[in-house]
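Note sheet for the following structure.
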There are 2 protein chains.
Amino acid sequence: MARKPDGEGRTTIKDVAALAGVSVPTVSRVLSGNYPVAPGTRLKVLRAMRELDYVVNAHARALAGATTKTVAFVVDDVTGPFYAYIARGVEQQAASEGRLCLLCTTHGDPEREVAVVELMREQHAEAVIVVGGAHAEESHIARMSYFARALDKAGSRLVLCGRPSLGEDVPTTTVHYDNEGGAHAMTAHLLSAGHRTISFMGGKPGLSTTDERVAGFLRAHAEFGVEVDESLILEGEFLKSHGIKLTRELLAEREDVTAIFAATDMIAAGVLKALRDLGLRTPEDMSVVGFDDIPLASDLTPALTTVHVPHEQLGREAVRLSLHRGEPAVNDQVVLGTHIVVRDSVARPRRL
Amino acid sequence: MARKPDGEGRTTIKDVAALAGVSVPTVSRVLSGNYPVAPGTRLKVLRAMRELDYVVNAHARALAGATTKTVAFVVDDVTGPFYAYIARGVEQQAASEGRLCLLCTTHGDPEREVAVVELMREQHAEAVIVVGGAHAEESHIARMSYFARALDKAGSRLVLCGRPSLGEDVPTTTVHYDNEGGAHAMTAHLLSAGHRTISFMGGKPGLSTTDERVAGFLRAHAEFGVEVDESLILEGEFLKSHGIKLTRELLAEREDVTAIFAATDMIAAGVLKALRDLGLRTPEDMSVVGFDDIPLASDLTPALTTVHVPHEQLGREAVRLSLHRGEPAVNDQVVLGTHIVVRDSVARPRRL
DNA sequence: CGCTTGATAGATAACGTTATCTTCACTCAA
DNA sequence: TTGAGTGAAGATAACGTTATCTATCAAGCG
């Protein structure tokens with residue numbers, strides 16, 4: 001039972017080699033299995049490893065070899081169901097590809113987003129996946145492009161998940177979903193039902209998610225030949241509380257609105273609550289729809305008609321694409337489809 | 001503009017040193033700032049770093065120095081709101097202490113939990129935080145204890161968050177919350193309201209979370225001198241669908257139950273839905289309470305009376321305690337309090 | 001029977017940092 | 001002046017792996 005004195009701390013490959021009576025490289029060979037080792041020798045080494053309770057030092061391995069086997073995941077806030085499901089997709093796919101998953105949050109702060117990407121560069125992550133809507137500011141785009149190139153030069157990859165590409169010439173992988181199409185389909189659904197005065201509620205202009213959803217909203221109106229009253233496009237955060245506040249303000253001012261298109265399901269939850277508090281019935285007095293199809297949507301009363309976003313698949317694809325990209329394309333892009341899910345929150349308008 | 005030829009990949013500290021015309025250690029000193037460097041030299045180095053767009057190699061640094069600056073976070077599933085909020089707490093605290101956060105999921109599989117902890121050992125994470133109820137199986141406890149000791153020997157720390165300690169002699173930090181007390185208070189609340197036939201619904205026996213909550217349920221009954229009908233303690237997963245199924249089965253068999261204590265808010269959501277489907281009103285025909293106080297609880301109809309768990313604080317404490325533990329205590333323990341939040345889902349029983 | 005060949009295993013050199021030990025030029029007191 | 005003290009930098013040696021090159025031994029072949 002010759003063993004390294006306890007309390008010494010970490011056991012290294014050297015200790016294993018000594019105990020097994022072989023050289024250090026031989027142990028390394030047993031570990032990686034990429035080189036022939038005599039069965040007897042292998043056994044001795046394995047026994048020594050077990051005896052000493054040895055685990056490799058991932059840092060030393062990363063430094064010596066080339067591959068790092070880590071995927072970084074950058075997100076506003078893990079708490080939102082929207083992100084949580086993408087996170088699950090990322091984590092699952094990463095795990096199934098034998099990768100570890102580094103989690104960072106930015107709290108919606110573009111400054112912090114840049115700082116975090118920098119940090120990931122230090123970690124030599126194989127891919128850095130940035131999730132959620134992007135800010136349209138010129139300076140932010142420039143800085144992200146800069147990091148995309150820096151990562152690319154270091155053999156890594158910037159992945160944009162749920163936000164538009166930075167440009168054809170910037171080396172990134174983009175995994176987006178069809179915000180514009182989903183908003184278009186949903187708006188068409190409302191217009192088909194006879195609604196003509198629809199409020200689009202929530203979202204900050206300049207955030208890609210908002211802009212794309214509003215674009216779909218406008219296009220559907222144009223196709224139906226319905227003029228949009230710009231004052232019905234209300235700005236706000238993606239929060240339930242904002243849904244409540246905006247709904248109150250809207251109904252205090254106008255009587256003619258028959259439907260509310262909430263920019264997200266969370267906002268829609270607030271809208272429904274505000275309507276209930278005001279004594280209005282959904283969908284009889286007011287139709288309400290959302291966007292995202294988070295689990296909450298089907299739990300609301302009434303169950304919310306909304307646009308389904310394939311969150312989990314989004315996360316999986318982000319990892320999958322960034323890890324095995326075959327051709328040396330500068331800029332890979334995938335757009336996943338969205339579709340409307342009809343539940344119980346839409347009816348024909350009463351007052352035309 | 002003498003610079004390393006592009007396309008070479010990673011720039012190292014050597015390149016910076018060469019460009020700045022100083023030695024490698026000098027650059028390192030500028031980087032860490034723990035040693036005096038002449039202002040002029042510092043400036044030259046900083047300029048070179050910017051010029052070459054240099055970032056340190058975290059792996060090399062981890063290998064050379066001792067500190068690793070990573071916290072690992074092991075959880076069943078990021079998707080559940082319960083875990084998501086703990087995750088947020090962990091991530092926030094880790095970030096504010098300058099640590100990175102490694103995320104792993106186990107999908108409730110004890111095997112995978114062990115594998116993941118092993119993996120974290122390779123990463124030399126400063127702390128490995130395992131979140132959520134634990135399985136009581138002897139073999140699992142033994143293996144976790146083993147890893148706790150292994151981590152401890154390597155200067156790291158196993159943190160149990162929301163699950164009981166592994167024993168006095170096992171080197172761990174435990175950050176728990178008062179399951180038993182919360183369940184006790186809530187049960188007392190129901191008993192005080194006059195309920196005498198209460199079903200405890202959901203949870204798997206053997207999972208610490210379940211066992212602790214049931215214990216509180218039983219203690220309150222004992223204190224009120226009310227006999228518990230064991231057949232009213234129903235087993236099931238922590239899922240909404242199980243809440244629906246169990247409620248249907250329960251009400252098909254018995255007429256005398258006046259209140260349901262759902263083991264979690266998710267189950268309670270299912271209970272409420274099933275009751276509504278059966279044409280029963282809450283709380284007039286049946287009182288319902290939950291446990292966890294996830295955001296969903298206040299959105300349900302009626303708003304759910306439940307036990308508040310300080311999720312985010314739990315995550316923060318886990319990181320804080322594991323990072324600065326002063327005395328060399330083998331086994332630190334903290335238990336955070338829980339309290340009931342009264343909303344609209346409890347009334348006095350109609351039928352006594 | 002000597003020489004090539006294949007299968008193993010050891011020796012040595014990276015990998016990119018930080019820690020530690022020296023060295024070197026100065027300044028200041030004796 | 002000269003020796004001690006000080007501030008700044010270089011030299012060198014880790015850190016724990018894997019990669020690469022070299023050495024050994026046995027078998028196979030001409």
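The chains referred to below are lettered A, B, ... by the order of the sequence lines, with proteins before strands, and numbering in each begins at 1. Computed from heavy atoms alone, side chains included, the values below leave out hydrogens, waters and symmetry copies.
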A/N34 side chain near D/dT18 phosphate (N/O to OP1/OP2, under 4.0 Å): no
Side-chain heavy-atom pair A/V74, A/T106 within 4.5 angstrom cut-off: yes
Touch class at under 4.0 angstrom, heavy-atom based, for B/S32 against every strand present: nothing
Gap between atoms CG and C1', on A/L63 and D/dG16 respectively (whole Å): 9 Å
base_contact_polar (C/dA7 base, A/Y35 side chain, donor-acceptor, <3.5 Å): no
Rounded interatomic separation in angstrom, taking CD from A/E122 and C1' from C/dT17: 12 Å
Whole-Å distance separating the CG atom of A/D15 from the C1' atom of D/dG16: 11 Å
Contact check, side chains of A/L103 and B/E91, non-hydrogen atoms, under 4.5 Å: yes
Closest-nucleotide ordering on DNA chain D, the 5'-leading residue of B/A60 and B/V24: B/V24
Angle between terminal axes - the helix from C/dC1-D/dG30 to C/dA30-D/dT1, 5 pairs each end, rounded to 10°: 60°
Presence of B/T41 side-chain N/O under 4.0 Å of D/dA8 phosphate oxygens OP1/OP2: no
Spacing between A/I13 atom CD1 and D/dA19 atom C1', to the nearest angstrom: 13 Å
A/E126 to A/R99 - nearest heavy-atom pair and separation: OE1-NE, 2.6 Å
DNA chain C: 5'-proximal contact among A/P36 and B/S28 (nearest heavy atom): A/P36
Selected nucleotide, minimal atom distance to B/A38 side chain, candidates D/dA8, D/dT12, D/dT18: D/dA8
Any B/T12 side-chain nitrogen or oxygen under 4.0 Å from OP1 or OP2 of C/dG16: no
Rounded interatomic separation in angstrom, taking CG from A/N57 and P from C/dG16: 16 Å
Presence of salt bridge, B/R316 and B/E97, under 4.0 angstrom: no
Nearest-angstrom distance from the residue atom CZ of A/R61 to P of D/dA19: 9 Å
All pairs passing side chain to side chain donor-acceptor pair (under 3.5 Å) where residues 17-28 of chain A contributes a residue, at least two apart: A/S23-A/T26
Residue-phosphate contact under 4.0 Å: B/S23 side-chain N/O, D/dA11 OP1/OP2: no
Rounded distance in Å - NE2 (B/H59) to C1' (D/dT17): 13 Å
Donor/acceptor link under 3.5 angstrom from A/R29 side chain onto base of D/dT17: no
Side chain proximity check, A/V170 to A/S165, heavy atoms < 4.5 angstrom: no
Euclidean distance, atom CG of residue B/L31 to atom P of C/dG16 [Å, nearest integer]: 15 Å
Pairing of A/D53 and B/R121 as salt bridge, 4.0 angstrom limit: yes
Test item: B/R157 and B/V128 side chains (from C-beta on) under 4.5 Å apart, heavy atoms: no
